[in-house]
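Below is one structure, written out as structure tokens; comments come after it.
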Amino acid sequence: MSPPVLLDYASVLIFALTGALVASRAQLDIVGFAFIGALTAVGGGTLRDVMLDRHPIFWMGDPTYILIAVSAAVLIFFTAHLVESRYRWLLWLDSFALAVAVPAGVSAAIMMAQPMPIVVLMGMVTGCLGGLMRDVVIGEVPLVLRKGKLYVSAAFAGALTGALLERLGFEPLIILSACGAVTWALRAGSLAFGWKLPIYKAHPPKE
Amino acid sequence: MSPPVLLDYASVLIFALTGALVASRAQLDIVGFAFIGALTAVGGGTLRDVMLDRHPIFWMGDPTYILIAVSAAVLIFFTAHLVESRYRWLLWLDSFALAVAVPAGVSAAIMMAQPMPIVVLMGMVTGCLGGLMRDVVIGEVPLVLRKGKLYVSAAFAGALTGALLERLGFEPLIILSACGAVTWALRAGSLAFGWKLPIYKAHPPKE
Amino acid sequence: MSPPVLLDYASVLIFALTGALVASRAQLDIVGFAFIGALTAVGGGTLRDVMLDRHPIFWMGDPTYILIAVSAAVLIFFTAHLVESRYRWLLWLDSFALAVAVPAGVSAAIMMAQPMPIVVLMGMVTGCLGGLMRDVVIGEVPLVLRKGKLYVSAAFAGALTGALLERLGFEPLIILSACGAVTWALRAGSLAFGWKLPIYKAHPPKE
């Protein structure tokens with residue numbers, strides 16, 4: 001099995017866990033868990049594939065993806081009550097999902113021989129938009145947009161690292177590992193140590 | 001006219017009525033009614049066609065669809081004030097729309113010879129996502145996600161019924177009727193008698 | 001450079017400014033500005049291209065678009081505090097963006113020899129949906145749906161004007177200018193003088 005496929009599987013699994021955790025906070029039933037889990041898991045990659053005109057869309061050619069997403073959601077349905085701080089689990093799982101989905105997007109774009117800016121953008125789309133859909137549909141403030149945290153920035157830095165290493169001729173395994181590591185390090189540093197970029201502060205008060 | 005096309009027409013008509021009812025609750029003008037009506041009416045099927053790479057998208061090849069959606073929305077603009085309980089109308093119309101859109105999605109996927117899991121998912125996408133977009137855009141809690149009601153579950157059971165009957169070699173008319181009947185029976189039973197699946201209840205309080 | 005490409009550039013630029021203004025109201029960091037700016041800038045046109053099966057999507061074939069959007073967002077990040085009434089700027093910039101994006105959508109559909117209803121709809125999609133995504137993602141009431149203002153209606157009237165003039169055999173420059181002028185005049189008249197269509201008023205109170 002090739003590394004990109006493994007990345008896609010891992011990203012689907014972890015994002016489905018986060019989707020199901022959000023569903024647990026919204027008190028949905030088991031099918032609702034599976035629905036939000038699957039939406040989160042395949043949302044970003046679906047947009048990536050639609051924009052790249054890459055058919056069949058990754059999860060359509062292989063039912064394993066949906067099976068993984070649904071199983072992960074069902075697992076959370078029966079076990080989430082054992083977890084003390086579901087919101088912390090959500091944040092940290094989401095950081096791993098991001099760190100796997102960004103290289104998955106980068107790798108898909110590289111395999112289609114896309115130019116560098118598109119490679120970076122596809123990494124960001126795959127990493128950020130599944131979680132964004134999860135939060136918009138459930139009606140929570142998107143994690144992607146929480147004030148004073150690195151999220152899109154982490155995805156951007158990771159995707160850029162991957163694209164640069166590819167341009168320099170590195171091996172896929174190195175490209176994808178570095179891309180994921182940079183993404184995760186920045187996101188995790190932001191969660192653990194409060195790393196952030198300056199946020200916009202209006203001088204006149206917000207109207 | 002083939003049954004799938006009739007299903008698409010019916011689903012567009014009924015979903016447009018629900019979209020316009022939601023627009024009436026948000027007090028939009030007549031063009032706003034048409035906009036939300038059309039978005040609800042063709043949203044799910046558009047996602048289905050884009051994901052299946054099925055071009056032209058169903059409503060692009062035949063202007064009748066948009067004409068139906070806009071006419072339905074205009075009708076509601078001028079008559080909704082005659083209705084006493086718009087929210088009840090919305091719920092019940094939406095149940096019929098779901099019961100027509102799920103078989104429409106199933107039938108489109110079967111005609112493209114998709115494998116069974118994709119047939120089920122396309123039924124769910126076509127049935128659930130137009131209404132989801134309607135509610136997210138207007139800013140209401142999506143009907144799809146209301147606590148303690150069958151919605152995605154009804155779509156899933158109906159789509160699965162259709163996919164199984166197709167696998168067993170039944171005629172299209174039987175497949176689509178059974179698919180719609182199961183979907184509607186579960187959704188209507190949920191609305192009328194409170195049928196539901198157990199919802200997730202956290203033991204520690206929701207944080 | 002052809003007029004349609006110029007229109008696309010202008011629409012990306014102005015919509016990115018509005019996206020960044022919305023980001024300033026949500027106090028995001030500089031990457032958040034770029035993210036919302038780019039989403040707003042290319043969102044409507046991306047949906048248009050995906051629905052028309054027009055690949056590569058306009059911004060994928062030419063990195064200038066994303067560069068313009070990101071530069072515009074960065075500019076706003078450093079200058080928005082100089083502006084006294086950011087909400088008024090947002091409204092007026094958005095009106096210009098709408099008036100450029102509607103003809104951009106009309107022109108893309110005409111170049112693909114689409115029938116008249118699709119030309120009108122693609123103008124509306126390109127004009128309205130980027131701003132709609134911006135507002136839904138940020139969690140504001142969409143400008144598109146504000147009560148008692150012309151927005152979708154202005155886009156509809158402009159797109160219809162363009163489609164009719166095309167049918168009558170006019171030159172592209174005239175078609176696109178008239179389309180943009182009608183769109184802008186109606187939107188601006190609505191902002192400045194309160195032009196509006198009657199909104200739906202329920203006789204029984206809203207439940």
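Letters A, B, ... are given to chains in the order of the sequence lines, protein chains preceding strands, and every chain is numbered from 1. Being a predicted model, the structure only gives us computed values, none of them experimental.
Only the side chain of A/Ile118 comes within less than 4.5 Å of a heavy atom of chain C; its backbone N, CA, C and O stay farther away. Contacts between A/Lys196 and chain C at a heavy-atom distance below 4.5 Å are absent for every atom of the residue. Neither the backbone nor the side chain of A/Leu47 comes within less than 4.5 Å of any heavy atom of chain C. Proximity to chain A is limited to the side chain of C/Val50, based on heavy atoms less than 4.5 angstrom apart. When heavy atoms are compared at a cutoff of 4.5 Å, C/Asp49 does not approach chain A at all. Interface remark: C/Phe35 contributes side-chain atoms only to the contact with chain A (heavy atom separation under 4.5 Å). Using a 4.5 Å cut-off between heavy atoms, C/Phe78 does not touch chain A at all. With a 4.5 angstrom heavy-atom cutoff, C/Pro56 does not touch chain A via any of its atoms. Heavy atoms of C/Ile66 lying under 4.5 Å from chain A belong exclusively to its side chain. Residue contact with chain C, scored on non-hydrogen atoms closer than 4.5 Å, involves the side chain of A/Leu132 exclusively. Neither the backbone nor the side chain of C/Leu67 comes within less than 4.5 Å of any heavy atom in chain A.
Crowding of C/Trp92 atom CH2: a count of heavy atoms from other residues, nucleotides or ligands under 6.0 Å exceeding 12. Residue-environment remark: CZ (A/Phe156) stays at or below the threshold of 12 foreign heavy atoms within 6.0 Å. Annotation: C/Trp195, atom CH2; neighbour count of heavy atoms from other residues, nucleotides and ligands within 6.0 Å is above 12.
At least one side-chain heavy atom of A/Tyr200 sits under 4.5 Å from a side-chain heavy atom of C/His81. Contact annotation: the side chain of C/Asp29 never approaches that of A/Lys147 to less than 4.5 Å [non-hydrogen atoms, C-beta and beyond]. Residues C/Ile36 and A/Leu145 have side chains in contact (heavy-atom distance under 4.5 Å, counting atoms from C-beta outward). Between A/Val144 and C/Val137 the shortest side-chain heavy-atom distance does not fall below 4.5 Å.
The candidate from A/Leu121, A/Val136, A/Val141 with the greatest count of non-hydrogen atom pairs under 4.5 Å with chain C is A/Leu121. Of the listed residues (A/Ser153, A/Pro198, A/Cys128), the one with the most heavy-atom contacts under 4.5 Å to chain C is A/Ser153.
Note that CE of A/Met51 and NE2 of C/His55 are 10.5 Å apart. Values are rounded to the nearest 0.5 Å. Interatomic distance, A/Asp53 CG to C/Arg54 CZ, rounded to the nearest 0.5 Å: 13.5 Å.
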